[in-house]
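Have a look at the structure below, then the notes.
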Amino acid sequence: MSTSDPLVVFTPSGKRGRFPVGTPILTAARQLGVDLDSVCGGRGICSKCQVTPSYGEFSKHGVTVHEDALSEWNAVEERYDQKRGLAKGRRLGCQATVQRDVVIDVPETSQVHRQVVRKDASDRVMVMDPATKLYYVEVAEPDMHEPSGDLERLAEALKAQWDIAPVTAPLSIMTRLQPVLRKGKWAVTVALHKGHTDDSYRILDIYPGFNEERLFGLAIDLGSTTIAAHLTDLRNGTVAASAGVMNPQIRFGEDLMSRVSYSMMNPGGDKEMTRAVREAINGLAQSLAEEAGIDAAQIMEAVFVCNPVMHHLLLGIDPVELGQAPFALATSRSVSAPARELDLSALNSNARVFVLPCIAGHVGADAAAVALTEQPGQQDELTLVVDVGTNAEILLGDKARVLACSSPTGPAFEGAQISSGQRAAPGAIERIEIDPTTKEPRFRVIGVDLWSDDPDFEAAAAATGITGICGSGIIEAVAEMRMAGIVDASGLIGSAAQTGTDRCITEGRTHAYVIHDGRAEGGPLITVTQGDIRAIQLAKSALYAGARLLMDERGTDTVGRVVLAGAFGAHISPKHAMVLGMIPDAPLDKVTSAGNAAGTGARIALCSVAARAEIEKTVREITKVETAIEPKFQEHFVNANALPHATDPFPILRGIVPLPDVSYNTKGAEAEGGGRRRRRRG
Ligand code: FES
């Protein structure tokens with residue numbers, strides 16, 4: 001190129017260079033490293049290389065672009081326009097050639113590494129960089145005088161036309177290669193996969209001629225209770241269908257440890273659990289493919305995030321070692337394997353599986369996925385990320401260092417083991433307020449937009465009914481009871497006489513608070529019982545103690561920011577979580593929700609090979625804290641039992657909400673003790 005050659009400026013990248021007259025735009029883009037897509041390698045059949053030339057005066061770039069800056073519309077573009085239609089002003093970058101100075105805009109749809117902004121939560125942008133992509137190649141025909149195999153000539157074509165090498169093919173591809181090559185008249189489209197640790201490209205599928213087969217991947221959040229999957233288009237990261245099913249392993253044990261003991265007590269029990277979860281994933285893949293109207297054979301990859309026990313059972317590894325100190329993982333690296341080895345037969349027969357790395361024996365790939373999504377290691381402020389589930393994954397960090405632990409909160413936050421608890425479904429109470437003077441509640445149920453004290457509420461709720469309390473509802477209920485003086489700091493519910501409301505009813509030797517009595521209409525009596533409060537106290541103490549342990553490790557009593565993650569975490573009100581003492585004291589505007597961060601991490605890893613490499617590196621840098629063997633955990637747990645806390649003062653919270661100084665402990669000595677504690681704190 002010489003200084004007299006025309007100047008080509010690409011937007012939005014701003015990359016520029018001079019190219020001889022007649023250079024195709026695609027070639028100029030490649031030489032400058034501009035992200036311009038192509039599947040057909042410049043043959044004018046894929047239309048992925050579309051660009052928009054801009055004309056006129058561009059003082060910013062110091063260029064004037066004339067009408068004849070590009071070569072004339074050619075026959076290939078005309079044919080494509082007639083067959084498929086080309087938007088006005090667009091040209092095919094592989095056909096249009098440079099004639100004079102020009103400014104070329106690369107629309108987002110023509111970028112391979114297009115950015116996908118997550119719809120849910122914060123502002124992390126995902127860059128498309130999938131492990132599996134399509135390539136069109138024209139292969140040399142066999143020649144008796146220069147004998148070589150069809151696969152070798154395909155590999156040569158990929159090297160010459162795409163600079164891709166080395167290439168490997170499983171036997172199932174080799175068995176189809178010859179007929180496909182001949183059917184395509186020596187032109188084929190191949191789906192090639194290259195993971196972040198692979199040194200060769202693997203052929204996953206092969207189609208005759210130019211094929212615009214859409215490739216899909218599954219991002220799967222494999223939880224102990226539910227399995228959630230997103231069927232994702234590997235070209236642009238869009239989710240074609242999402243669904244969740246219960247984890248069938250529940251029949252072997254509700255929580256993780258009971259599943260580990262099932263495996264310990266029953267020879268072959270691990271195999272049964274492995275089979276059950278794999279069958280469920282196959283079923284989920286089938287139904288997602290049907291919902292999206294695609295063939296399940298178009299699913300080329302599945303990326304999993306899960307806790308260590310689910311991780312081992314998915315991979316067919318007996319989780320017995322995870323049930324006892326030193327909680328050794330079979331591997332803490334990420335796992336990349338053929339889906340076939342995991343019996344995931346619903347997917348393409350050569351599909352690949354990628355499982356994010358685990359952080360430690362109790363801190364799984366789900367926590368790694370949360371770290372990938374929320375990036376605590378990139379924050380200036382010390383950030384606490386809490387993924388609330390049956391097990392809470394807790395991360396604390398900033399640019400200096402990230403720590404992680406996992407804490408067994410149990411299912412109370414999901415509405416299980418709560419007397420009126422239920423899953424988040426229409427009819428479940430999800431929000432509640434209690435008037436501190438009258439002690440009367442008002443609430444909202446899922447599926448109805450009105451509060452229960454609205455005159456139209458009854459009619460609006462007729463369809464859903466008022467059926468129980470879901471996880472976020474029980475958190476609000478207990479916190480509101482504390483703020484209204486119905487529950488004291490130790491978690492005891494007062495009697496009607498003590499609280500001044502008949503809504504406090506006697507239940508054996510304890511009390512319960514009536515939120516809604518639907519019995520007259522054949523509905524349920526919805527109460528918060530003393531047992532419910534205890535269950536919530538246990539769960540929240542485990543959560544807080546885990547966070548506190550990480551704060552100790554960092555030598556701090558405060559955090560700058562709190563992120564509540566998890567499908568359920570997104571629905572928790574920060575104020576109520578803090579009244580309960582689930583999370584450390586912090587300004588409320590510094591407490592945010594992040595939605596399903598683990599699931600999002602799976603999607604990020606599915607869409608980006610670079611993200612896989614990033615998380616593998618990040619995980620090695622995270623300091624693991626093992627709650628199960630840490631002696632201070634028990635002390636923190638006991639102190640965290642009070643609402644909000646026995647020893648941590650929560651000054652910010654006390655400045656914004658009432659926390660009445662009441663005590664309903666009727667046992668003399670303990671009542672005095674409670675009084676002394678309060679006085680000391682005051
Ligand atoms: Fe395929 Fe231009 S690169 S049409």
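Because the structure is a prediction, the values reported are computed rather than measured. Counting starts at 1 for both ligands and their atoms, in listed order.
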### Query
Measuring from the heavy atoms of Gly44, does anything fall under 4.0 Å of ligand 1?
yes
### Task
To 10°, measure the SG(Cys46)-atom 1 (Fe) of ligand 1-SG(Cys40) angle for me.
100°
## Note on the structure
ligand 1 to Ile45, heavy atom cutoff 4.0 Å, flagged ligand atoms 4 (S)
## Note on the structure
ligand 1 atoms nearer than 4.0 angstrom to some heavy atom of Gly42 are 3 (S)
### Message
Before we go on, tell me: are the rings of Phe304 and His311 under 6.0 Å apart, centre to centre?
### Response
no
### Query
Below 2.8 Å, any N, O or S contact between Cys49 and atom 1 (Fe) of ligand 1?
no
### Message
Among Thr189, Asn348, Asn211, exactly one meets side-chain hydrogen bond (donor to acceptor under 3.5 Å, both in side chains) together with Asp205. Which residue is that?
### Response
Asn348
### Query
Step by step, would you call Arg43 with Gln95 a side-chain hydrogen bond (donor to acceptor under 3.5 Å, both in side chains)?
CA-CA 8 Å; Arg43 293 180 180 84; Gln95 302 301 314; over 6 Å; no
### Sidechain N-carboxylate O distance under 4.0 Å for Glu212, Lys48
yes
### Message
Any salt bridge linking Glu301 with Arg612? Criterion: basic side-chain nitrogen under 4.0 Å from a carboxylate oxygen.
### Response
yes
### Task
May I have the step-by-step check of salt bridge (charged side-chain N to carboxylate O under 4.0 Å, His left out) for Glu621 and Lys617, ending in yes or no?
CA-CA 7 Å; Glu621 292 163 358; Lys617 180 166 165 280; 3.6 Å; yes
### Task
Mark up the atoms of ligand 1 that fall under 4.0 Å of a heavy atom belonging to Ser38, in ascending order.
3 (S)
### Query
Counting heavy atoms only, which part of Val39 comes closer than 4.0 Å to ligand 1: side chain, backbone, both or neither?
neither
### Message
Give me the nearest non-hydrogen protein atom to atom 4 (S) of ligand 1 as residue plus atom name, then the distance to 0.1 Å.
### Response
Ser47 N, 3.1 Å
